[in-house]
Amino acid sequence: MFSKFIIFFLISFSAYGSFPEFFGAGVQNGSLGNQMSFDYTNPAHNFYVPASLAWNKNVNVSASTTIVKSTFHDINNIVTKNSTNNSDAPLQQSGNVDTDYGSHEHAGINASIPIKTFGNFGISVFTPITTIMETNSGNAHLPEYVLHRSRYKRTQAYFNYAHKLNDTMAFSLGAHMGFQAGANVDTRAALNGTGYGSSATAKTQVDPSIAAIASYIHRYKENTHFYFTFQQEMKNNLESDAVGFTANPPVPFDVTIKTMIYYDPHIFRFGAATKTRFFQFFTSLEYQIWDGYQTPIVRIKANGGSLAASDDYESVETSNILVSKFGVRYNPTDKLGLNIGTVYRPSIFSHGYSGSGNSLDLNTVIVSGGLDYKFNFMSMPIQLDLGMQYHKLLDETITKSTNQEDGTAGSKIGSPGYEAGGSVIMLASGIKLEF
């Protein structure tokens, strides 16, 4: 039906999270397991602990490019259609699932700008290369790694003001930006042979959405620091009303389409670090609240007319998670630094996968590493960075329970089962300048 084409063309979006949350706001930070380092001139700390920028006396700018490639297990010979999503004969059909999400290139720019003696302003922008954002809802029924297909492909911005209380304590206040989008579509779809063409009117509105960031850092004897950061939840929703009818014969429809375009959880970040002459040790713990998360399924509500509303057989149970991080830095010389790190990130889902629905997120172990080299060029301090991360999604064997999603006799989509898991590789390079 032409009206369905219009609807899905307008709202083919997905729910994404944060690129720096997964892969690091800066190359050095990513190689340490996505954590703040001891280099207080690093403007990428604007994402982790913006309060640490308060002691900067010069302008610092960093830029990075990142390549991400995911490889998930093949999923073959499972039920892809049954009577809950198919009206063609035979009602139950089997096939393979596309788990190739391709590669992605991303760029990040961080800046720390002192405001005389009043404090320091930090800004971070992360964006896909060659585009502003790319959206893909994936399949509403087949297995989907919902935090990976298009999670990283959007532009994000973080703004903070940092102020030092003294030489050992500082705090910051700031925000990260999002949006809420709405649309109204009125369409008249003409069938072939009607004698006149289809027509439609459309109205859209996009409003900014702001969520708060606050942080505090305490330095002790110049070889230890403790910090706390809070990042408020950000929901970016899309709601669209579509009304109209097809002509000859007229078939009316009136539907509301809802989906969560982006989602960032509440984050409470606690961290500490200490250093000796040659080694630096970092650890942090993040408590992430995912209560407000919704899977990226497009949901259609029928307000009237002849179009049926979406089935909502999948009922996910989210879990608030603790993300633990640990990193070590070794300085063989004053100019060269070698970094390693590890992260354990639990699944955001507390339910099993044997029931209805195939939205996936697995427990993940991240191993990272990298190096950086400092030198001066025409009296300007410069640092070059290289880094990598390997994300291992821990394998899980999924076996579907009996009966279809609606409880009738048959096999669920995804039956008899499949092996979930895979990996994501990230390679990054960057530069930091101090003016």
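Source: prediction; values computed, not measured.
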Check for a donor-acceptor pair, side chain of [X] on one end and backbone N or O of [Y] on the other, with a separation under 3.5 Å.
| X | Y | value |
| --- | --- | --- |
| Asp372 | Leu384 | no |
| Asp361 | Ile348 | yes |
| Ser350 | Glu317 | yes |
| Ser368 | Gly33 | yes |
| Asn331 | Asp334 | no |
| His176 | Ala157 | no |
| Asp395 | Glu419 | no |
| Thr342 | Ile366 | yes |
| Thr229 | Tyr48 | yes |
| Glu314 | Asn358 | yes |

Side chains of [X] and [Y], heavy atoms from C-beta outward: is any pair under 4.5 Å?
| X | Y | answer |
| --- | --- | --- |
| Val424 | Phe23 | yes |
| Phe72 | Leu360 | no |
| Tyr145 | Leu362 | yes |
| Lys412 | Val79 | no |
| Thr168 | His218 | yes |
| Ile210 | Gln232 | no |
| Tyr227 | Ser284 | yes |
| Thr224 | Phe226 | yes |

| task | Please find out if less than 6.0 Å separates the ring center of His148 from that of Phe22. | result |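 Between His148 and Phe22, the centre distance is under 6.0 Å.
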Quick check: closest heavy atoms across [X] and [Y], and the distance to 0.1 Å?
| X | Y | result |
| --- | --- | --- |
| Ser62 | Ala44 | OG-N, 4.4 Å |
| Asn60 | Glu434 | OD1-CG, 3.2 Å |
| Lys400 | Ser415 | CB-OG, 3.3 Å |
| Val27 | Gly387 | CG1-N, 3.5 Å |
| Glu21 | Pro265 | OE1-CD, 4.4 Å |
| Asn223 | Tyr220 | OD1-O, 3.2 Å |

| request: Begin from the C-alpha positions of Ile75 and Asn96 and carry the test side-chain contact (heavy atoms from CB on, under 4.5 Å) through to its verdict. | output: CA-CA 6 Å; Ile75 300 178; Asn96 303 331; over 6 Å; no
Tell me if the [atom1] atom of [X] is crowded by more than 12 foreign heavy atoms within 6.0 Å.
| X | atom1 | result |
| --- | --- | --- |
| Lys275 | NZ | yes |
| Asn376 | CG | yes |
| Phe377 | CZ | no |
| Phe281 | CZ | yes |
| Lys69 | NZ | yes |

| side-chain contact (heavy atoms from CB on, under 4.5 Å) between Arg219 and Trp55: does it pass, once the steps are laid out? | CA-CA 11 Å; Arg219 299 193 298 185; Trp55 295 294; 3.6 Å; yes
Establish, from distance only, whether the side-chain atoms of [X] and [Y] form a donor-acceptor pair under 3.5 Å.
| X | Y | result |
| --- | --- | --- |
| Ser354 | Ser401 | no |
| Glu405 | Asn82 | yes |
| Thr80 | His141 | no |
| Gln28 | Asp385 | no |
| Thr84 | Gln404 | no |

| said: As a quick check of understanding, evaluate side-chain contact (heavy atoms from CB on, under 4.5 Å) for Phe47 and Gln231, giving each step before the final call. | reply: CA-CA 10 Å; Phe47 176 77; Gln231 179 177 302; 4.1 Å; yes
| task | Go through the steps for Ser37 and His45 under the test side-chain hydrogen bond (donor to acceptor under 3.5 Å, both in side chains), then give the verdict. | result | CA-CA 8 Å; Ser37 72; His45 293 167; 3.3 Å; yes
Distance check, rounded to the nearest 0.5 Å: [X] atom [atom1] versus [Y] atom [atom2]?
| X | Y | atom1 | atom2 | result |
| --- | --- | --- | --- | --- |
| Ser215 | Phe228 | OG | CZ | 9.0 Å |
| Phe435 | Met380 | CZ | CE | 4.5 Å |
| Asn85 | Tyr313 | CG | OH | 9.5 Å |
| His106 | Ile67 | NE2 | CD1 | 13.0 Å |
| Arg329 | Ile340 | CZ | CD1 | 12.5 Å |
| Ser52 | His225 | OG | NE2 | 8.0 Å |

Tabulate below the donor-acceptor pairs under 3.5 Å that side-chain atoms of residues 118-126 make, not counting sequence neighbours, or state none.
{"from": "Asn120", "atom 1": "OD1", "to": "Ser112", "atom 2": "OG", "distance (Å)": "2.8"}
{"from": "Asn120", "atom 1": "OD1", "to": "Ile113", "atom 2": "N", "distance (Å)": "3.1"}
{"from": "Asn120", "atom 1": "ND2", "to": "Leu53", "atom 2": "O", "distance (Å)": "3.3"}
{"from": "Asn120", "atom 1": "ND2", "to": "Asn56", "atom 2": "O", "distance (Å)": "3.3"}
{"from": "Ser124", "atom 1": "OG", "to": "Asn46", "atom 2": "ND2", "distance (Å)": "2.9"}
{"from": "Ser124", "atom 1": "OG", "to": "Asn110", "atom 2": "OD1", "distance (Å)": "2.6"}

| message | Would Tyr418 and Val97 count as a side-chain contact (heavy atoms from CB on, under 4.5 Å) here? Give the steps. | response | CA-CA 11 Å; Tyr418 51 91; Val97 176; over 6 Å; no
| query | With a 4.0 Å cut-off, would you call Lys432 and Asp39 a salt bridge? | reply |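 Between Asp39 and Lys432 there is a salt bridge, with a charged N closer than 4.0 Å to a carboxylate O.
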| query | Does Glu286 pair with Arg269 as a salt bridge, N-O distance under 4.0 Å? | reply |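 Arg269 and Glu286: salt-bridged.
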| task | List for me each residue that meets ring pair (Phe, Tyr, Trp, His ring centres under 6.0 Å) alongside Tyr344, sequence neighbours excluded, and say none if there are none. | result |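 Residues passing ring pair (Phe, Tyr, Trp, His ring centres under 6.0 Å) with Tyr344: none at all.
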| said: Under the criterion ring pair (Phe, Tyr, Trp, His ring centres under 6.0 Å), I'd like the reasoning laid out for Tyr263 against Trp290: C-alpha separation, chi angles, the key distance, then a yes or no. | reply: CA-CA 9 Å; Tyr263 182 78; Trp290 287 84; 5.6 Å; yes
| Under 30°, 30 to 60°, or over 60°: which ring-plane class applies to Phe282 and Phe38, parallel, tilted or perpendicular? |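 Tilted.
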| query | How are the rings of His266 and Phe268 set relative to one another: parallel (under 30°), tilted (30 to 60°) or perpendicular (over 60°)? | reply |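 Rings of His266 and Phe268: tilted, as their planes differ by 30° to 60°.
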